[in-house]
Amino acid sequence: MTPNNHNLPLASSPYVNARRLVKVYRTPAGEFTALKGIDLQVNRGEFVAVIGKSGSGKSTLINMITGIDRPTSGEVYVGGDPLHTYNEEQMAGWRGRHMGVVFQFFQLLPTLTLVENVMLPMDINRLYNPTERRERAMQLLETVGMSAQANKLPAAVSGGQQQRVAIARSLANDPGLIIADEPTGNLDSRTAESIFNLFIRLAAEGKTIIMVTHDEARAARTDRSVMIADGEVVNEHVVHALAALNYDQLAEVQRRVNPTVFTPGSAIVRQGEPGEHFYILTDGRAEVFVEHPDGHEVLVDRLAAGQYFGEMALISRRPRQATVRAAIDSPAAVAALDRETFDGLVADSPSLRDELQGIIGLRQLQSQVDALDDVDREELRRLTTGAPVRTFVPGDTILRQGALGDTFFFILEGEAEVYVTRADGRETLIDRLTTGRHFGELALMGDRRRTATVRAAGKGEMKALELDQAAFEQLQRSSHHFAADVRDTAAERRTRL
Ligand code: ADP
Ligand code: MG
């Protein structure tokens, strides 16, 4: 596995420490600020992906670290060395000893053979003794699977092979830090995969790697991704929480988001108040409380960085159903999005919409269904992922007596009525079900014929989560309360049928 040092004590500073980096390009059209005060910390042995859409500032950031270009202001330390203070010559000398750089375009010298290209950094930096250089270059070519072609010119091998050689060259000075700007961006997908695997291997051997990549799936295989949007780093917890969004949408979030810190124990949203914002927790912890009609508050959930809240009131356009407070022993930092931005994102992103619907169903299930209070929340999440939440209006028939059925329902909002049609054709009301109750499970315990008709009732919409037989059985195994509740309800229902 890749060694990583996430748990180093705070006192030991990161290996790469870029602070408040600003880069202003002066162009004939005026000044353009490509980096707006970026902080980037990378620990020794970490493999970090830099992601973001084209033009967001990724290469500019990378060039500040390699010293290929200079920040307008800000600092870059690597291993404690202040690179931002070095002149060209000092920088070239430092790079030669400590850093390997790989670009999207391979940049091998066309008149040198492949092995000579790999020897070049050792020659320039006078590393190793001259006789050792060729041997070492051959070993590096071996590492990247190119030793058989060592004496060919770059033009005689494919793009993927040239990139392998470029990686071998970047390793020639045995650097602690490898910086790569879209090293697979110019390769077909199979070659890109094999080059990426080479970086994974180098990371596993302990190299620190910072790699710009367009490929989200590959970025996910590194230790950590840092997303850049409009010259700023998008908070990693925001990226994580809104993984359903694409780069453009995340850039929009970055432009609109409002960071706020709440002191320990203070309320971020209050039950009963109208909802105007959506929140992502970016640091600390928060706790969710539901106040019952008799006035006592129950803790229903704990949230950690990367989780969000406040979406229910925005989606349902009803008052907050819960109070969320910063945990009593720690402040909570949140990124808040206004209703308009949130609505726009939900409208534009079917995957965010689906995810929110699932989360809302799960939260309602947890807060409304007493019979499930002994189920582990992760388990509940697994069992309900992808299960549909159905919406009915009063009078809608949800189940029809005699029909076949293989699902059952939890009422998340509203009410339902249960009717039985007797042999003489008369329909009788036998039960009223309120929020938190379930129905439809009798058919799952018998011959799959519905034993009664269930209709939405009451005044407003009725919402119910529909689950299948497998979820029904698993829930009975996971929850003593639910299993007992099912037994009791079934016994009682049968006496009334
Ligand atoms: P990325 O690598 O994420 O695609 P870049 O860092 O190359 O983005 O560019 C960020 C922004 O800075 C872009 O809008 C780009 O046009 C601008 N930019 C980059 N280099 C220069 C330059 N030398 N002069 C002026 N503008 C530049
Ligand atoms: Mg770039």
Side-chain angles (χ1 to χ4, degrees), residues 16 18-42 47-76 78 83-84 88 91 95 99-108 159-160 162-163 166-167 170 177-189 191-192 195-196 199 209-220 222 224-236 238-239 242-243 245-257:
V16 177
R19 291 162 56 185
R20 298 186 299 276
L21 281 181
V22 173
K23 178 63 181 180
V24 180
Y25 288 117
R26 295 182 206 321
T27 71
E31 294 194 339
F32 177 78
T33 307
L35 300 183
K36 302 173 181 167
I38 282 193
D39 286 317
L40 177 69
Q41 277 81 38
V42 178
F47 184 0
V48 172
V50 176
I51 57 175
K53 61 180 199 161
S54 175
S56 55
K58 304 181 299 294
S59 294
T60 303
L61 170 63
I62 287 294
N63 293 345
M64 302 297 115
I65 300 171
T66 57
I68 288 167
D69 200 355
R70 293 315 167 100
T72 307
S73 65
E75 300 163 342
V76 181
V78 178
L83 305 193
H84 55 285
E88 291 284 318
M91 191 61 225
R95 243 193 331 261
M99 189 185 281
V101 184
V102 184
F103 300 95
Q104 178 173 358
F105 299 97
F106 328 118
Q107 301 189 340
L108 299 177
Q162 289 182 52
Q163 190 63 308
I167 293 170
S170 77
L177 178 61
I178 299 172
I179 307 279
D181 192 351
E182 304 204 37
T184 62
N186 202 33
L187 303 172
D188 66 81
S189 64
T191 314
I195 295 288
F196 182 78
F199 281 96
I209 303 176
I210 302 176
M211 174 192 284
V212 176
T213 177
H214 255 98
D215 188 317
E216 293 181 52
R218 292 210 178 90
T222 66
R224 179 158 70 90
S225 294
V226 173
M227 183 175 178
I228 311 290
D230 296 336
E232 294 179 299
V233 173
V234 186
N235 182 284
E236 61 178 310
V238 172
V239 176
L242 298 178
L245 300 182
N246 63 34
Y247 288 171
D248 277 323
Q249 292 163 331
L250 282 167
E252 166 76 0
V253 168
Q254 176 67 15
R255 281 192 287 274
R256 305 298 296 266
V257 83

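Keep in mind the model is a prediction, meaning the values are calculated, not measured. Order of appearance sets the numbers: ligands from 1, and atoms from 1 within every ligand.
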**Message:** Among Thr60, Asn63, Ile38, Thr33, which residue satisfies the side chain to side chain contact (heavy atoms under 4.5 Å, CB included) criterion with Lys23?
**Reply:** Thr60
**Asked** Should Val226 and Ile51 count as side-chain neighbours, where that means a heavy-atom distance under 4.5 Å?
**Response** no
**Asked** How would you list, by chain and number, every residue that makes a salt bridge (Lys or Arg N to Asp or Glu O under 4.0 Å) with Glu232, sequence neighbours excluded?
**Response** none
**Request:** List the steps, then state whether side chain to side chain contact (heavy atoms under 4.5 Å, CB included) holds for Gln41 with Arg19.
**Result:** CA-CA 8 Å; Gln41 277 81 38; Arg19 291 162 56 185; 4.1 Å; yes
**For Leu21 against Gly74, the heavy-atom pair lying closest together** = CD2-C, 4.1 Å
**Request:** Work out how many protein N, O or S atoms lie closer to the Mg ion (ligand 2) than 2.8 Å.
**Result:** 1
**Prompt:** Under 3.5 Å, is there a donor-acceptor pair between the Ser56 and Tyr247 side chains?
**Reply:** no
**Asked** Going through the distances and angles, do Lys53 and Asp248 end up as a salt bridge (charged side-chain N to carboxylate O under 4.0 Å, His left out)?
**Response** CA-CA 7 Å; Lys53 61 180 199 161; Asp248 277 323; 2.7 Å; yes
**Those protein residues which place at least one heavy atom below 4.0 Å from ligand 1** = Tyr25, Thr27, Phe32, Ala34, Lys53, Ser54, Gly55, Ser56, Gly57, Lys58, Ser59, Thr60
**Request:** Under the salt bridge (Lys or Arg N to Asp or Glu O under 4.0 Å) rule, collect the residues that match up with Asp39, sequence neighbours excluded.
**Result:** none
**Message:** For Thr66, is there any backbone N or O sitting under 3.5 Å from a side-chain donor or acceptor partner on Arg95?
**Reply:** yes
